There are 2 protein chains.
Amino acid sequence: MEPAKPQLNSLLAKLEEAGKRVTSQRIAVCEALLAHNGHPTAAEIWQHLQGQHPAMSQATVYNTLSALEELQLIRALDIVGENHTHYDLCVHPHVNVVCTRCGTIADVHTDTLEALLGLVSARSSYQLAPQDGVIVYGLCPACSAKL
Amino acid sequence: MEPAKPQLNSLLAKLEEAGKRVTSQRIAVCEALLAHNGHPTAAEIWQHLQGQHPAMSQATVYNTLSALEELQLIRALDIVGENHTHYDLCVHPHVNVVCTRCGTIADVHTDTLEALLGLVSARSSYQLAPQDGVIVYGLCPACSAKL
DNA sequence: CAGTTATTTATAATCATTCTAACATGATAT
DNA sequence: ATATCATGTTAGAATGATTATAAATAACTG
Ligand SMILES: [Mn+2]
Ligand SMILES: [Mn+2]
Ligand SMILES: [Zn+2]
Ligand SMILES: [Zn+2]
């Protein structure tokens with residue numbers, strides 16, 4: 001049900017298509033995004049790159065993530081209670097379920113979300129972005145058990 | 001369709017019930033929240049109170065909002081691209097539609113959201129908070145027209 | 001009232017993110 | 001190729017919302 005993970009080549013192709021240069025730093029950030037299977041933060045990407053690209057500046061990570069976000073190749077998730085922005089490689093609309101205790105994020109893919117977005121667009125007259133996802137909050141099974 | 005705005009007395013009663021003292025500062029913050037019909041930030045609340053309560057510290061506004069949030073009397077909204085947290089007095093699950101150009105927030109109340117949340121809870125096994133709402137992003141009619 | 005605790009205040013500290021300016025790199029045009 | 005120009009990278013400084021601290025104040029208890 002859930003869409004296939006994007007390929008490195010397609011990310012780089014779209015960067016180039018947008019007139020951005022495909023630098024070694026941008027390739028590395030894209031690779032790190034693909035390597036992380038969840039919803040990484042800028043700091044996590046930067047840390048992950050310290051081994052292979054020790055000269056990489058944090059600003060470059062931030063700049064690259066911003067560029068990818070503007071091209072709608074990734075999505076920024078601002079999560080209440082966390083001070084780092086998380087990024088989502090999956091730009092197909094889906095629900096991100098965040099545990100308010102431990103921060104674990106689960107993805108739920110369902111066409112009920114698309115139904116909701118259609119309804120919201122019609123009712124509000126807002127033009128929604130085609131890859132709008134949502135965040136909901138709760139307790140993950142492990143944290144629920146611990147209470 | 002949308003639930004009635006909460007009363008000042010009910011907010012204060014729940015604070016007291018939770019063992020919190022009902023101070024003049026907390027009353028003022030609650031009043032300011034009720035007076036603002038939208039989704040105010042801490043800074044907006046504090047500015048609004050400058051006239052009547054010029055000695056009110058920003059920390060008190062932050063502390064009061066945190067207390068109200070913990071008691072689930074208000075909800076924090078972290079919006080991508082804005083650096084201030086917004087607060088929502090309406091804790092009935094609904095969709096907050098944010099304009100990515102001008103920041104205007106519209107509310108959409110629909111039971112499709114509750115259907116979605118039920119489905120998400122079942123599929124993810126997370127225990128969702130009873131007043132979980134969501135945020136979606138788009139262009140408001142006015143901003144759409146300007147492009 | 002006196003004793004205890006919660007709250008408020010002013011201020012400083014935190015820290016994720018953005019800005020700056022110098023340098024490096026890649027593309028383009030002679 | 002070499003010069004020129006635009007774009008990207010870097011280290012470090014600046015920003016600014018939020019949080020922490022510690023002293024002063026206000027509310028509750030008996
Ligand atoms: Mn996701
Ligand atoms: Mn709302
Ligand atoms: Zn958890
Ligand atoms: Zn707008």
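Just so we're on the same page: letters track the sequence lines, and every chain starts at 1. Predicted model only: the values in this text are computed from it and were never measured.
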**Request:** Inspect the surroundings of CD in Q7(B) and state if more than 12 heavy atoms from other residues, nucleotides or ligands are less than 6.0 Å away.
**Result:** no
**Message:** Between C1' on dT9(C) and CG on N63(B), what's the gap in Å once rounded to a whole number?
**Reply:** 11 Å
**Prompt:** Using a cut-off of less than 4.0 Å, is there contact between a side-chain N or O of S57(B) and OP1 or OP2 of dT8(C)?
**Reply:** no
Pair up each side-chain donor or acceptor in residues 118-142 of chain A with any protein partner under 3.5 Å, not counting sequence neighbours, and list the distances.
residue	atom	partner	partner atom	Å
S121(A)	OG	Y126(A)	O	3.0
R123(A)	NH1	H109(B)	O	2.7
S124(A)	OG	V120(A)	O	2.7
S124(A)	OG	Y126(A)	N	3.1
Y126(A)	OH	T104(B)	O	3.1
D132(A)	OD1	Y137(B)	N	3.3
D132(A)	OD2	Y137(B)	N	3.1
Y137(A)	OH	V80(A)	N	3.0

**Request:** Nearest whole angstrom, please: distance from the P of dT18(D) to the CD of E44(B).
**Result:** 11 Å
**Request:** Please indicate whether Q50(B) has more than 12 foreign heavy atoms, meaning atoms of other residues, nucleotides or ligands, lying under 6.0 Å from its CD.
**Result:** yes
**Asked** Measuring from D111(B):CG to L116(A):CG, what's the distance to the nearest 0.5 Å?
**Response** 10.5 Å
**Item:** Interatomic distance where NE2 belongs to H86(B) and C1' belongs to dA17(D) [whole Å]
**Value:** 12 Å
**Item:** pair E31(A)-L8(A): side-chain heavy atoms closer than 4.5 Å
**Value:** yes
**Fill in**
To the nearest angstrom, the NE2-P distance between H53(B) and dT9(C) comes to 10 Å
**Message:** At 10 degrees resolution, what angle do the end axes of the helix from dC1(C)-dG30(D) to dT30(C)-dA1(D) form when each is taken over five base pairs?
**Reply:** 30°
**Message:** Between W46(A) (side chain only) and M56(A) (backbone N and O only), is there a donor and an acceptor less than 3.5 Å apart?
**Reply:** yes
**Request:** Please answer: with hydrophobic residues joined when any side-chain heavy atoms are less than 4.5 Å apart, are V95(A) and V98(A) in the same cluster?
**Result:** no
**Message:** Donor-acceptor check, side chain of T64(A) to backbone of T60(A), threshold 3.5 angstrom: yes or no?
**Reply:** yes
**Prompt:** What pairs of residues pass the side chain to side chain donor-acceptor pair (under 3.5 Å) test when at least one of them lies in residues 83-103 of chain B, not counting sequence neighbours?
**Reply:** H39(B)-D88(B), H39(B)-N96(B), D78(B)-T85(B), E82(B)-H86(B), D88(B)-H94(B), H94(B)-N96(B), H94(B)-D107(B)
**Sidechain-backbone polar pair: H36(B) side chain, G38(B) backbone, donor-acceptor under 3.5 Å** = yes
**Prompt:** Under a 4.0 Å heavy-atom cut-off, which of residues 13-33 of chain A touch DNA chain D?
**Reply:** K20(A), R21(A), T23(A), Q25(A), R26(A)
**Prompt:** Around K5(A), counting heavy atoms of other residues, nucleotides and ligands shown, do more than 12 lie under 6.0 Å from its NZ?
**Reply:** yes
**Prompt:** How many Å lie between CD on E82(A) and C1' on dA17(D), as a whole number?
**Reply:** 17 Å
**Request:** State, yes or no, whether a side-chain contact exists between L11(A) and L71(A) at a heavy-atom distance under 4.5 Å.
**Result:** no
Which atom pairs link the protein and nucleotides 1-3 of chain C when you take only N or O atoms and keep those under 3.5 Å?
none

**Prompt:** Rounded to whole angstroms, how far apart are CE on M56(A) and P on dG12(D)?
**Reply:** 17 Å
**Donor-acceptor under 3.5 Å (R75(A) side chain, L89(A) main chain)** = no
Every protein N/O within reach of nucleotides 14-18 of chain C N/O, cut-off under 3.5 Å:
residue	atom	partner	partner atom	Å
dA16(C)	O5'	H84(A)	NE2	3.2
dA16(C)	O3'	N83(A)	O	3.2
dT17(C)	OP1	T85(A)	N	2.9
dT17(C)	OP1	T85(A)	OG1	3.2
dT17(C)	OP2	Y62(A)	OH	2.4
dT17(C)	O5'	Y62(A)	OH	3.4

